[in-house]
**Student:** 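After the structure tokens below, expect a handful of questions from me.
Bear in mind that the values here come from a model prediction, so they are computed numbers and not experimental data. Lettering of chains follows the sequences in order, A, B, ..., and the numbering in each one begins at 1.
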Amino acid sequence: MPYQRVKGTRDILPPESAQWVYLEQFIRDFFRRNNYKEIRTPAFEFTELFVRGIGRDTDIVSKEMYTFLDKGGHSLTLKPELTAPVIRAYLQNDLAQQGAVTKLYYIDALFRQERPQKGRLRQFHQFGFEIIGSPYPEADAEVIQTMAALYQSLGIQKMEIRLNSIGSRESRANYLTVLRTALQPFTAEFCPTCQERLQKNILRLFDCKVATCQEILNQQAPSILNYLSAEDTHHFQEVCHLLDISQVVYTIDTKLVRGLDYYTRTTFEITSTLLGSQDAICGGGRYDHLVEDLGGKPTPAVGVASGIERLLLVLNQQGALSIPQPELVYVVTLSEEARAIGFKLLTFLREKGLNAEMDFLRRSLKAQLREADRNQAHWVIILGDDELQRQAYLLKNMRTGEQQNLAFDTPVNTLAEILKRD
RNA sequence: GUGAGUGUAGCUCAGUUUGGUAGAGCGACAGGUUGUGGCCCUGUUGGCCGCGGGUUCAAGUCCCGUCACUCACCCCA
């Protein structure tokens, strides 16, 4: 094997590639109907954008980025996340001028140097969308409701929406102090990783899967919802209310804390039991300071990103992806003269919008019919010596086995009509 | 970065315990039918047994190393 794929990358081959095309088209149609516009940003950005945007101490920035120096000595990074580049583009192109609220969606490839596992790759793909400019709960609720609606219309069956508020930066700082104090006495009882998290990033404790750690948290950790400011609480209640009246089913999970520094107030994710250990198909939330952190005017925003590989895993688990193929007409030719006539016929049929194919290996009739069958051809047009004699195509319906003759001088329109009938 | 599991035909996998001529199913190709697909029957094709070293008369099998893949941890979509 002379060359191999880089670890954590994948070739997307037929027939799987058809699923990708289907899903991408589905997403674009969906957003067109929901008045979001597509944005495409470059594959790489200046490293500093991610350091500022995502946070120096996050795992993404501290150990997962593909960073390199270009020939000018600039540090560049393959994008590991899409919100920061979108906000960069929003600021650089002054999209705020075009309206009070900006609604954008994207479908893109991302890169993170992690150990691959089920539902996690080094090059992976997300689609997502952002509402930039609104501080109000309607925006939060729309993001959640819209993503849920998209999944639903895609046919995702079992999903769980988990919702939380991590408050404003002030509320959160306050809560962290309380949390640290509350858990201090139990330091020794936590698992080794949690003891580390206790020091470095105490919110991450909530992610721990060890039963004893969860036990302590359940009994000792105060809920963040009790430490939100009045405004935070009101905002969260409004979001919940809007979801309730639009009949979006969710559960409040006070342990849901997201890993990127920029989140404020609303955080949520949607999980599926059909995935492995990495069970989130999307995650998002509000980020009211990112725009100003990246040098813009204070601008509230909220958004979400969904993993395309994970979505496809779920859809395939459900067996929900049946992608209709256009009917195929297979032209069988059995001599040099027939091949020329058949080739010309192909181009006519294609001009009439038919999916037409012929054999390029000059094989036997039997082999060509087998190939037509493998391709699930509806019709076969046979062109051999007999047909040249008679000056007529032999049309065979592969579903019924019925055959009929059709004179060469039959108008192509008439021929196309017959082939388009069931 | 850590741990566990797995690498044998295009694909799915036996064979490894106890060293002795590399197998099956599916697929592909062909014949049965000199112009008729699918079903059936027959045949053919197809392997540096991941790679390197060691032990041995002899290694797919035992030992050491290495690489890759998978799942999990960390964290995230």
**Student:** Applying a 4.0 Å non-hydrogen cut-off, can you work out what A/Leu82 is touching in the nucleic acid: base, sugar-phosphate, or nothing?
**Tutor:** nothing
**Student:** Regarding B/G37, can its base be found pairing with the side chain of A/Gln376 as donor and acceptor, where the two atoms are less than 3.5 Å apart?
**Tutor:** no
**Student:** Which base, if any, makes a Watson-Crick or G-U wobble pair with B/A58, both distances under 3.5 Å?
**Tutor:**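 Paired with B/A58, as far as the under-3.5 Å criterion goes, is no nucleotide at all.
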**Student:** Hey, which sits more toward the 5' end of RNA chain B by its nearest nucleotide, A/Pro116 or A/Arg310?
**Tutor:** A/Pro116
**Student:** For B/C75, take OP1 and OP2 only and decide whether either is under 4.0 Å from a side-chain N or O of A/Lys63.
**Tutor:** no
**Student:** In plain terms, say whether A/Asp293 and A/Arg169 are close enough for a salt bridge, that is, a side-chain N and a carboxylate O under 4.0 Å apart.
**Tutor:**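 Result for this pair is yes, salt bridge flagged.
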**Student:** For the side chain of A/Arg204, starting at C-beta, report the closest nucleotide among B/C76, B/G35, B/G32.
**Tutor:** B/C76
**Student:** Measure from the side chain of A/Glu114, starting at C-beta and using heavy atoms only, and say which of B/C29, B/C75, B/A72 lies closest.
**Tutor:**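 Of all the options, the side chain of A/Glu114 is nearest to B/C75.
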**Student:** Find which nucleotide of RNA chain B each of A/Cys208 and A/Gly384 is nearest to by heavy atoms, and output the residue with the more 5' nucleotide.
**Tutor:**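 Going by which nucleotide is closer to the 5' end, it is A/Gly384.
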**Student:** With both distances under 3.5 angstrom, what nucleotide forms a Watson-Crick or G-U wobble pair with B/G35?
**Tutor:**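 Paired with B/G35, as far as the under-3.5 Å criterion goes, is no nucleotide at all.
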**Student:** Which part of the nucleic acid does A/Arg374 contact within heavy-atom distance under 4.0 Å: base, sugar-phosphate only, or nothing?
**Tutor:** sugar-phosphate
**Student:** Given atom CZ of A/Phe268 and atom C1' of B/A77, what is their separation to the nearest angstrom?
**Tutor:** 12 Å
**Student:** Taking NZ, NE, NH1 and NH2 as the nitrogens, is one of them in A/Glu402 or A/Lys396 under 4.0 Å from a carboxylate oxygen of the other?
**Tutor:** no
**Student:** Where the side chain of A/Asp386 is concerned, which of B/A30, B/G35, B/C71 is the nearest nucleotide?
**Tutor:** B/G35
**Student:** Is the shortest side-chain N to carboxylate O distance from A/Asp207 to A/Arg204 below 4.0 Å?
**Tutor:** yes
**Student:** May I have the step-by-step check of side chain to side chain donor-acceptor pair (under 3.5 Å) for A/Ser75 and A/Glu48, ending in yes or no?
**Tutor:** CA-CA 8 Å; A/Ser75 179; A/Glu48 190 59 19; over 6 Å; no
**Student:** Heavy atoms under 4.0 Å, any strand shown: does A/Ile308 hit a base, just sugar-phosphate, or nothing?
**Tutor:** nothing
**Student:** Regarding A/Leu110, tell me which of base, sugar-phosphate or nothing describes its non-hydrogen contacts under 4.0 Å with the strands shown.
**Tutor:**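 A/Leu110: no heavy atom of the nucleic acid under 4.0 Å.
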**Student:** With a non-hydrogen cut-off below 4.0 angstrom, is A/Lys209 in contact with a base, only sugar-phosphate, or nothing?
**Tutor:** base
**Student:** Check this for me: does any side-chain nitrogen of one of A/Lys79 and A/Glu81 sit under 4.0 Å from a carboxylate oxygen of the other?
**Tutor:**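 Not counted as a salt bridge, because no side-chain N and carboxylate O are separated by less than 4.0 Å.
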**Student:** Assess whether a salt bridge exists between A/Glu371 and A/Arg374, defined as any Lys/Arg side-chain N lying under 4.0 Å from an Asp/Glu carboxylate O.
**Tutor:** yes
**Student:** Is B/U42 paired to anything, Watson-Crick or G-U wobble with both distances less than 3.5 Å, and if yes, which nucleotide?
**Tutor:**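 Matched B/U42 with B/A30 under the 3.5 Å cut-off.
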**Student:** Less than 3.5 Å between a donor and an acceptor, one on the side chain of A/Arg197 and one on the base of B/C75, is that the case here?
**Tutor:** no
**Student:** Could you please name the partner base of B/G5, counting Watson-Crick and G-U wobble pairs only when both distances are under 3.5 Å?
**Tutor:**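 Result: B/C69.
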**Student:** Consider the side chain of A/Gln4, meaning its heavy atoms from C-beta on, and name the nucleotide among B/A68, B/U2, B/A30 that approaches it most closely.
**Tutor:** B/A68
**Student:** Is the phosphate of B/G37 approached by A/Gln368 (side-chain N or O, under 4.0 Å from OP1 or OP2)?
**Tutor:**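 Answer no for this pair, as no side-chain N or O of A/Gln368 is under 4.0 Å from OP1 or OP2.
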**Student:** Between the base of B/C75 and the side chain of A/Arg120, is there a donor-acceptor distance below 3.5 Å?
**Tutor:** yes
**Student:** If you go through the side-chain atoms of A/Lys396, does one of them form a donor-acceptor pair with the base of B/U36 closer than 3.5 Å?
**Tutor:** yes
**Student:** Quick one: look up who B/G23 pairs with, Watson-Crick or G-U, both distances under 3.5 Å, and put none if it's unpaired.
**Tutor:** B/C13
**Student:** Considering just the side-chain nitrogens and oxygens of A/Gln117, establish if one lies under 4.0 Å of OP1 or OP2 belonging to B/A72.
**Tutor:**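 Checking A/Gln117 against B/A72: at least one side-chain N or O falls below 4.0 Å of OP1 or OP2.
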**Student:** Contact class for A/Asp207 vs. all strands (heavy atom < 4.0 Å): base, sugar-phosphate, or nothing?
**Tutor:**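 Sugar-phosphate, no base atom in range.
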**Student:** Would you mind classifying the nucleic acid contact of A/Ala372 as base, sugar-phosphate or nothing, using non-hydrogen atoms under 4.0 angstrom?
**Tutor:** nothing
**Student:** Ignoring hydrogens and angles, are the base of B/U36 and the side chain of A/Gln403 linked by a donor-acceptor pair under 3.5 Å?
**Tutor:**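 Per atom types, the contact qualifies.
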**Student:** So, is A/Lys118 near the phosphate of B/C71, with a side-chain N or O under 4.0 Å from OP1 or OP2?
**Tutor:** no
**Student:** Nearest to the side chain of A/Arg370 - B/A30, B/C74, B/C73?
**Tutor:**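 Within the option list, the nearest is B/A30.
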**Student:** Output yes when a side-chain donor or acceptor of A/Gln195 lies under 3.5 Å from a complementary backbone atom of A/Phe190, and no otherwise.
**Tutor:**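 Such a contact is found between A/Gln195 side chain and A/Phe190 backbone.
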**Student:** Taking any heavy-atom pair under 4.0 Å as a contact, classify A/Gly128: base, sugar-phosphate, or nothing.
**Tutor:** nothing
**Student:** Base, sugar-phosphate, or nothing for A/Gln113, non-hydrogen atoms under 4.0 angstrom?
**Tutor:**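 The residue A/Gln113 makes no contact with any strand.
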**Student:** Is any N or O donor-acceptor pair between the side chain of A/Asp373 and the base of B/G37 shorter than 3.5 Å?
**Tutor:**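 Such a pair is found, so the answer is yes.
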**Student:** Reckon A/Gln278 has a side-chain N or O less than 4.0 Å from the OP1 or OP2 of B/C73?
**Tutor:**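 Yes.
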**Student:** For B/C73, take OP1 and OP2 only and decide whether either is under 4.0 Å from a side-chain N or O of A/Ser277.
**Tutor:**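 So the side-chain polar atoms of A/Ser277 do come within 4.0 Å of the phosphate oxygens OP1 or OP2 of B/C73, strictly under.
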